[in-house]
Amino acid sequence: MNERRDDARTLVAKIIGDRAGEWDMAGRIPLEPLRQLGAEGLLCAEVAESSGGLGFSSQDNGELIACIGEHCGSVRSVATCQGMAAWTVRRFGDAGQRAAFLRRLTGGELAAMAFSEPGAGSDLSAMRTEIVADGDTVVVSGHKVWVTGAKYADLLVVFGRFGDGAAAVVVPASAAGVRLENVPGALGCRAGGHANVRLDAVRVPVANLLRGAGQPLGWLVTTALTYGRLSVAWGCVGILRACLGAATAHVKSRKQFGRLLADHQMIRRHIAELLAAEQVATRVCEHASRQWDAGSPEMVTASVVAKHVAAGHAATGSSTAVQVLGSAGVLDGHVVARAYRDAKLMEIIEGSNEISQLMLADHALGAS
Ligand SMILES: Cc1cc2nc3c(=O)[nH]c(=O)nc-3n(C[C@H](O)[C@H](O)[C@H](O)COP(=O)(O)OP(=O)(O)OC[C@H]3O[C@@H](n4cnc5c(N)ncnc54)[C@H](O)[C@@H]3O)c2cc1C
């Protein structure tokens, strides 16, 4: 498997190349590399080969996501959403839905995940989007915000209220009644294709309503977000690897006070802390992926721990990297400047630091 993982990483490096800074500054990724990554199965590599995916384990997929994140945080954010969409279809879809949608997600079409609303950020129980069955169709009405990848997406996986419970429904982005609203330039992951999405009585076939319909909202979103949290955590490993690479290269070539920066003890301390951060983040992700691959119920908590720990280290580690590079690292488009801005967002998305802490405290106290 490692040979296939290495091949996948080589392909990622080839497709993204050194264009992440350019895409970040432009605030947009051209569709062609995204479609290419998707058609190679690289954006949802855990999907089985029989459905056009790569059949990767969580561990191998995680290393692939770290590689994508090391190259480009915006592509990583799109990949996390594509993987989360595929996981949602695998987890909740029936055989027909899996056959229909997974092939599209591994064939170059792109998907986005719509949970958040103006009044429902950390508190998704405040979600107001309505999904109503009407004969052989369902009607979706609501307002979703901050949908990563919406500007690139062919499919939107929309969560909303359904009867006494909740549901997830696959909505073609081209359906009548779907309208994107621009999200003004974000601090980080600037090319993530974020948009707000208006859904005005959007009618789709009932076959697009995923099978978990009617289940409790909390269960549906936690199931979907568990994939997202682990993927974001692996993305943070990628941020730390990018920072470590840039910082070590810089200190081995830049001289001050007659010596390489690498020969100054305080700089060496920064490098040591960066390495330790990358190692710790990798280990918590590996642990969570092992739980995932074993199908252990512990994967839910392990994914929250991984995301919380890795995001914290990515935020402090990227700040350290900017410090080590000095003025060279604050230029717009520079890898560590980008990492610093992207990393801050990792402490907010897929459950902020505070929400992660609340979940972990509940777990430790036996409340969940
Ligand atoms: C770059 C980016 C990409 C995103 N992509 C997506 C996407 O693809 N799909 C999607 O659906 N959403 C997406 N989101 C939305 C994201 O999930 C929310 O921003 C996140 O859940 C936090 O919600 P909020 O921003 O409304 O903050 P709020 O919920 O208003 O929270 C504000 C602050 O209060 C804290 N807080 C809230 N409740 C508590 C509490 N009970 N105790 C202590 N502190 C608390 C939070 O931790 C935070 O620090 C994205 C957001 C960003 C910034």
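On a predicted model such as this, the values are computed, not experimentally measured, just so you know. Atoms within each ligand, like the ligands themselves, are counted from 1 in listed order.
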(Q) Taking Ile349 as the starting point, is it possible to reach Met84 by hopping between hydrophobic residues whose side chains are less than 4.5 Å apart? (A) no

Q. When you look for heavy atoms under 4.0 Å from ligand 1, do you find them on the side chain of Thr148, its backbone, both, or neither?
A. both

Q) Do side-chain atoms of Lys144 reach the backbone of Ser116 as a donor and acceptor pair under 3.5 angstrom? A) no

(Q) Is there a continuous path of hydrophobic side-chain contacts, each under 4.5 Å between heavy atoms, that joins Val232 to Leu37? (A) no

Q: With heavy atoms only and a cut-off of under 4.0 Å, state how Asp123 meets ligand 1: side chain, backbone, both or neither.
A: neither

Q. With the 4.5 Å side-chain cut-off for hydrophobic clustering, are Val145 and Val221 part of the same group?
A. no

Q: Examine distances only and state if a side-chain atom of Lys307 and a backbone atom of Cys236 form a donor-acceptor pair shorter than 3.5 Å.
A: no

Q: Using a distance threshold of 4.0 Å (strictly less than), state whether atom 26 (O) of ligand 1 has a protein heavy-atom neighbour.
A: yes

Q: Considering heavy atoms of the protein only, find what lies nearest to atom 20 (C) of ligand 1 and give residue, atom and distance to 0.1 Å.
A: Ile348 O, 3.7 Å

Q) For atom 5 (N) of ligand 1, is some protein heavy-atom partner under 4.0 Å away? A) yes

Q.
Suppose we measure from atom 40 (C) of ligand 1 to each protein heavy atom; which comes out shortest, and what is that distance?
A. Leu358 CD1, 3.8 Å

Q: Decide whether an N or O pair under 3.5 Å exists between Phe115 and ligand 1.
A: yes

Q.
Checking contacts now, so for atom 32 (C) of ligand 1, which I'm interested in, is there any protein heavy atom under 4.0 Å?
A. no

Q: Give the other cluster members for Val169, using side-chain heavy-atom distances under 4.5 Å between Ile, Leu, Val, Met, Phe, Trp and Tyr residues; answer none if it is isolated.
A: Ile131, Val138, Val140, Val147, Leu156, Val158, Phe162, Val171, Val178, Leu180, Val197, Leu199, Val202, Val204, Val206, Leu209

Q: Give a yes-or-no answer on whether the side chains of Thr282 and Glu278 include a donor-acceptor pair shorter than 3.5 Å.
A: yes

Q. Looking only at N/O atoms, are Met113 and ligand 1 under 3.5 Å apart anywhere?
A. yes

Q) Which protein heavy atom lies closest to atom 51 (C) of ligand 1, and at what distance to 0.1 Å? A) Ile349 CG2, 3.6 Å

Q: Using heavy-atom distances, let me know which of Val78, Val158, Ile355, Leu124 sits nearest atom 38 (N) of ligand 1.
A: Ile355

**Q.** Residues in salt bridge (Lys or Arg N to Asp or Glu O under 4.0 Å) contact with Arg203, at least two apart in sequence or another chain
**A.** Asp134

Q: Keeping the roles fixed (side chain from Gln97, backbone from Asp94), state whether a donor-acceptor pair exists under 3.5 Å.
A: yes

Q: Considering heavy atoms of the protein only, find what lies nearest to atom 13 (C) of ligand 1 and give residue, atom and distance to 0.1 Å.
A: Trp146 O, 3.0 Å

**Q.** Closest protein heavy atom to atom 29 (O) of ligand 1, given as residue, atom name and distance to 0.1 Å
**A.** Ser122 OG, 2.6 Å

Q) Can you find a side-chain donor-acceptor pair between Ser289 and Gln59 that sits under 3.5 Å? A) no

Q.
With respect to Ser352, determine whether any N or O atom, backbone or side chain, lies less than 3.5 Å from an N or O atom of ligand 1.
A. yes

Q: Check whether Val335 and Leu345 end up in the same hydrophobic cluster, where Ile, Leu, Val, Met, Phe, Trp and Tyr are linked by side-chain heavy atoms less than 4.5 Å apart.
A: no

Q: Enumerate the atoms of ligand 1 whose separation from the nearest heavy atom of Leu345 is less than 4.0 angstrom.
A: 1 (C)

Q: Let me see the working for Arg283 and Gln279 under side chain to side chain donor-acceptor pair (under 3.5 Å), right down to the final yes or no.
A: CA-CA 6 Å; Arg283 297 293 94 77; Gln279 291 283 304; 2.9 Å; yes

Q: Return the residue, atom name and 0.1 Å-rounded distance of the protein heavy atom closest to atom 16 (C) of ligand 1.
A: Ser116 OG, 3.8 Å

**Q.** atom 42 (N) of ligand 1 within contact range, any protein heavy atom under 4.0 Å
**A.** yes

(Q) Which option wins on minimum heavy-atom distance to atom 49 (O) of ligand 1: Glu347, Glu354, Glu117, His194? (A) Glu354

Q.
Starting from atom 24 (P) of ligand 1, what is the nearest protein heavy atom, named by residue and atom, and what distance separates them?
A. Gly121 CA, 4.0 Å

